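Small disclaimer: the values here were computed from a predicted structure and weren't measured. We name chains A, B, ... by the order of the sequence lines, and we start the count at 1 in each one.
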Amino acid sequence: MWRKKEISTVEIRSFGPGANLCFNILVALFAISCLLPLIFIIVISFSSEHALVTNGYQFWPSQWSTAGYEYLSHMSGKLLNALGVTLLVTVLGTAINATFTATYAYSISRSSFRYRRFFTLFCLITMLFTPGMVANYIVMTNLLQLKDTLWALILPMAVSPFNIIVMRTFFKRQVNESIIEAARIDGASEMRIFCQIVLPLAVPGIATISLFAALGYWNDWFNALLYIQNTRLVPLQYLLMQIQSNIQMLSQNATQGAQYATGLSNIPKEATQMAMVVISVAPIALSYPFFQKYFVRGLTIGGVKE
Amino acid sequence: MPNPEPEMPTVQPETPEEKAARKKENRQNFWYSVRDNTPLLLFVIPGAIWMIFFFYIPVFANVVAFKDFQFDPNGFVASLARSPWVGFKNFEFLFSSNAAWVITRNTVLYNLGFISLNLIISVFFAVVMSQLRNRRLTKVYQTSMLLPYFLSWVIISYFVYAFLSPNQGLLNSMITGNGGKAISWYNAPQFWPFILLFVGTWKGIGYNSILYFASAMSIDPTLFEAAEIDGANKWQQIKNVTLPALVPLMTLMTILAIGNIFRADFGLFYQVPQNSGSLYNVTSVLDTYIYNGLTATGDIGMSSAAALYQSLVGFILLMTSNFIVRRVDPESALF
């Protein structure tokens, strides 16, 4: 007897069982390699200083300890300040970025806006050429006089021309011009149309650009490197960077910590700096799996062209 | 039906009064149109002001490349105006030094390495993941592969340090554990091209492979059915169905990357080698050179010349690559 071979979609799109196993192992190995360094850092942050000094960094230290985190709580003033700066910059910056990007993109997406061509071009030109680090630095410090202010951390990333163009396409696709027209005939003002009709329709797009902006602000150290000297304005990433280049900073900046540790040698330096790394990674590592779909959607959110 | 002769429009010369009236009307129309568009104009203004201060003015501030720049206490305009012109002297200094050649070579070669590694590895992972049987497991893989993409270079440099630290690093303890001699990684330039290529590619693979994965998953499944019925095995299906469907995206990504070949990732080349001076020969790229010139040596003239050189060549490359994209696939062109 001749039987039909049953074919399901899974069968069609997939490897045979043998190849499937091999490739699963291969991809899994790479996926693990992406998580491994973070796990390594977490292990180091929980190792005792004695084990680190004698055996170096190990995946399974001879002695576990929470001294790194305990010491961090003693130098909390510095750390909390940096955390506060980072949080403030992230929240404020994301709000500004999302607002400016969305309003600009919305305006140039409206066909009834008379100057849309001009402002689209005005935005597109900025993507063709980079003014360069030096020119930006001179304008920031000399013209705007923003050196050593919080604005130096916020403004350079306050608008993203590329996101504007992406969002323009998104608005065109998601928001039907006839809905806006209907609202206008009913007497709604532009402000009201934008807030009550357009924004609810554009939530996925705005969520995506906000997440990218928030990630950018949280991870930013470059603007701090260029513009920040005041220790009260140092964000978390820049603090980590300073500690990396000068580990003594840990002891210099911990006022109460100095009393806690009888001598400099007692400070669990290695574990402490890794504990700080863990703290600065934690918010991202814990939250991105839930936001991932927005990021992935952002990749395909809108072709640049209409 | 007889076709009526089209009447020739009679053009009468405009009298001065008419011209003035038309101009006035135009001016009025302009203000009317501004008034009519006020709400949308207000929406545009914050972004436009930002672009003026963070793009248009800095672009013109690039003239400092032709000046011996001095900060003037009277502000920005005074600084620009009072710095004496030096013509192309900054460029002469830049290109007569060995540095210009080294940083250009490093920037271009590293970027070429990233482009090819990224392309091959992320397409490979995307194709493989699109064929795995367990969808949930694929999701888990993708999530873990994205992690490095979301972390800053400062964090990544700590990761690298955990492995390469001369005293405590994992690699050195493995080497000495096997009776070898510890290597001072941050002073050994011969390893860094590989380290940088590895770290740079590793960080971006998750993102890129998801991009290709999304494209591979959107292939019409009937194509695979047809191939299956025609007796194509898996490899033939991948070669003749999946890969050709990915080619447009591959072309686009590559051409866009070539347009950016003159821009290096500052974080990778500055943070990961920890700005170690003995590695400059292999880690120095345009961006780090400009930064070091601006801050450490304070040579604004030379670094602004390097910055302008980078911007101009970058602009030419971008225009060329966009021109090529428009020829190949007009839909994916940037403009």
Side-chain angles (χ1 to χ4, degrees), chain A residues 9-10 12-15 20 23-24 27 31 34-35 37 40-41 44 52 56-57 100 103-104 106-107 110 113-115 119 122 124 126 128-139 142-143 156 158-159 190-191 215 219 221 237 240-241 277 281 284-285 288-289 292 296 299-300 304-305, chain B residues 33 37 39-40 43-44 46-48 50-51 54-55 57-59 61-62 64 71 76 79 125 128-129 131-133 141 143-148 150-152 154-155 158-159 162 168-170 173 210-211 214 221 224-225 228 234 290-291 294 300 303-304 307-308 311 314-315 318 331 334-335:
Chain A
T9 17
V10 177
I12 291 224
R13 294 219 64 147
S14 308
F15 290 122
N20 188 53
F23 283 119
N24 255 311
V27 180
C34 291
L35 299 181
F40 194 27
I41 296 282
I44 296 171
L52 292 176
Y57 304 144
F100 286 8
T103 50
Y104 196 105
Y106 169 67
S107 278
R110 284 281 303 273
F113 181 44
R114 180 144 183 201
Y115 307 107
F119 283 108
F122 198 75
L124 273 177
T126 63
L128 299 184
F129 194 82
T130 37
M133 199 188 293
V134 182
N136 272 329
Y137 180 82
I138 293 173
V139 171
N142 210 245
L143 176 64
V159 174
E190 285 290 350
M191 195 61 201
L215 192 71
N219 277 341
W221 45 271
Q237 301 282 337
L240 279 174
M241 201 181 138
V277 175
V281 171
I284 296 179
Y288 89 90
Q292 193 185 339
V296 174
L299 307 180
T300 47
V304 175
K305 295 269 282 209
Chain B
S33 93
N37 288 288
L40 290 179
F43 278 173
V44 169
W50 183 89
M51 287 172 202
F54 288 89
F55 178 78
I57 294 177
V59 162
N62 265 308
V64 298
F71 280 108
F76 176 68
S79 308
F125 277 127
V128 166
M129 283 194 296
Q131 303 271 346
L132 290 182
R133 294 172 87 92
Y141 294 149
T143 304
S144 13
M145 282 160 74
L146 264 181
L147 177 70
F150 287 139
L151 300 180
S152 82
V154 175
I155 305 293
Y158 271 100
F159 287 180
Q168 283 111 336
L170 192 66
S173 36
I210 284 183
L211 204 67
F224 288 101
E225 282 168 27
E228 181 92 21
K234 207 81 247 175
I290 294 165
Y291 172 77
L294 180 67
I300 290 190
S303 49
S304 61
L308 188 57
S311 301
F315 173 72
L318 192 69
E331 280 297 298
L334 204 57
F335 45 88

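Distance CZ/F113(A) to CG/N37(B): 5.5 Å, rounded to 0.5 Å. With values rounded to the nearest 0.5 angstrom, F100(A) atom CZ is found 11.0 Å from M51(B) atom CE. In this structure, the separation between CG on N24(A) and CE on M129(B) is 11.0 Å, given to the nearest 0.5 Å. Taken from CZ in F159(B) to SG in C34(A), the straight-line distance is 10.5 Å, to the nearest 0.5 Å. The distance from the CD1 atom of I138(A) to the CZ atom of F71(B) is 5.5 Å, given to the nearest 0.5 Å.
In this structure, the portion of Y288(A) lying under 4.5 Å from any heavy atom of chain B is its side chain and not its backbone. Contacts of V44(B) with chain A are made by both backbone and side-chain atoms, with heavy-atom separations under 4.5 Å. When heavy atoms are compared at a cutoff of 4.5 Å, F40(A) approaches chain B solely by way of its side chain, counted from C-beta outward. For F122(A), the parts lying near chain B are the backbone and the side chain together; criterion is any non-hydrogen pair under 4.5 Å. For chain B, the nearby part of L215(A) is the side chain; its heavy atoms alone come within less than 4.5 Å. Only the side chain of L294(B) comes within less than 4.5 Å of a heavy atom in chain A; its backbone stays farther off. For R114(A), the parts lying near chain B are the backbone and the side chain together; criterion is any non-hydrogen pair under 4.5 Å.
With contacts defined as side-chain heavy-atom distances shorter than 4.5 Å, the pair L132(B)/N20(A) qualifies. L40(B) is listed as a side-chain neighbour of Y106(A), based on a closest heavy-atom distance under 4.5 Å. The closest side-chain heavy-atom distance from R110(A) to F43(B) is not below 4.5 Å. Residues F129(A) and L318(B) form no side-chain contact, since every pair of their non-hydrogen atoms from C-beta on lies 4.5 Å or further apart.
Of all the heavy atoms in M241(A) and V154(B), the pair that sits closest is N-CG1, 4.0 Å. Of all the heavy atoms in Q168(B) and L52(A), the pair that sits closest is CG-O, 3.4 Å. Contact between G47(B) and Y104(A) at its shortest, heavy atoms only, is CA-CD1, 3.8 Å. Between P131(A) and N62(B), the shortest heavy-atom distance links the atoms O-ND2, 3.0 Å. Nearest heavy-atom pair, F150(B) versus N219(A), reported as atom, atom and distance to 0.1 Å: O-ND2, 2.8 Å. Considering all non-hydrogen atoms of both residues, F54(B) and P156(A) come closest at CE2-CA, 3.8 Å.
For the options V139(A), V159(A), I284(A), heavy-atom pairs under 4.5 Å to chain B are most numerous at V159(A). With chain A as the partner, the residue from I57(B), L170(B), L308(B) showing the most heavy-atom pairs under 4.5 Å is L170(B). Ranked by heavy-atom pairs shorter than 4.5 Å toward chain A, the options A61(B), P39(B), A162(B) are led by A162(B). No other option in I290(B), T143(B), V64(B), V59(B) has as many heavy-atom pairs under 4.5 Å with chain A as T143(B).
Distance alone, capped at 3.5 Å, places no donor-acceptor pair between the N136(A) side chain and the P58(B) backbone. Y158(B) contributes a side-chain N or O that, together with a main-chain N or O of L240(A), makes up a donor-acceptor pair within less than 3.5 Å. The closest donor-acceptor contact from the side chain of Y137(A) to the backbone of Y291(B) lies at 3.5 Å or more, if one exists at all. In this structure a side-chain-to-backbone donor-acceptor pair under 3.5 Å is missing from T130(A) to S311(B).
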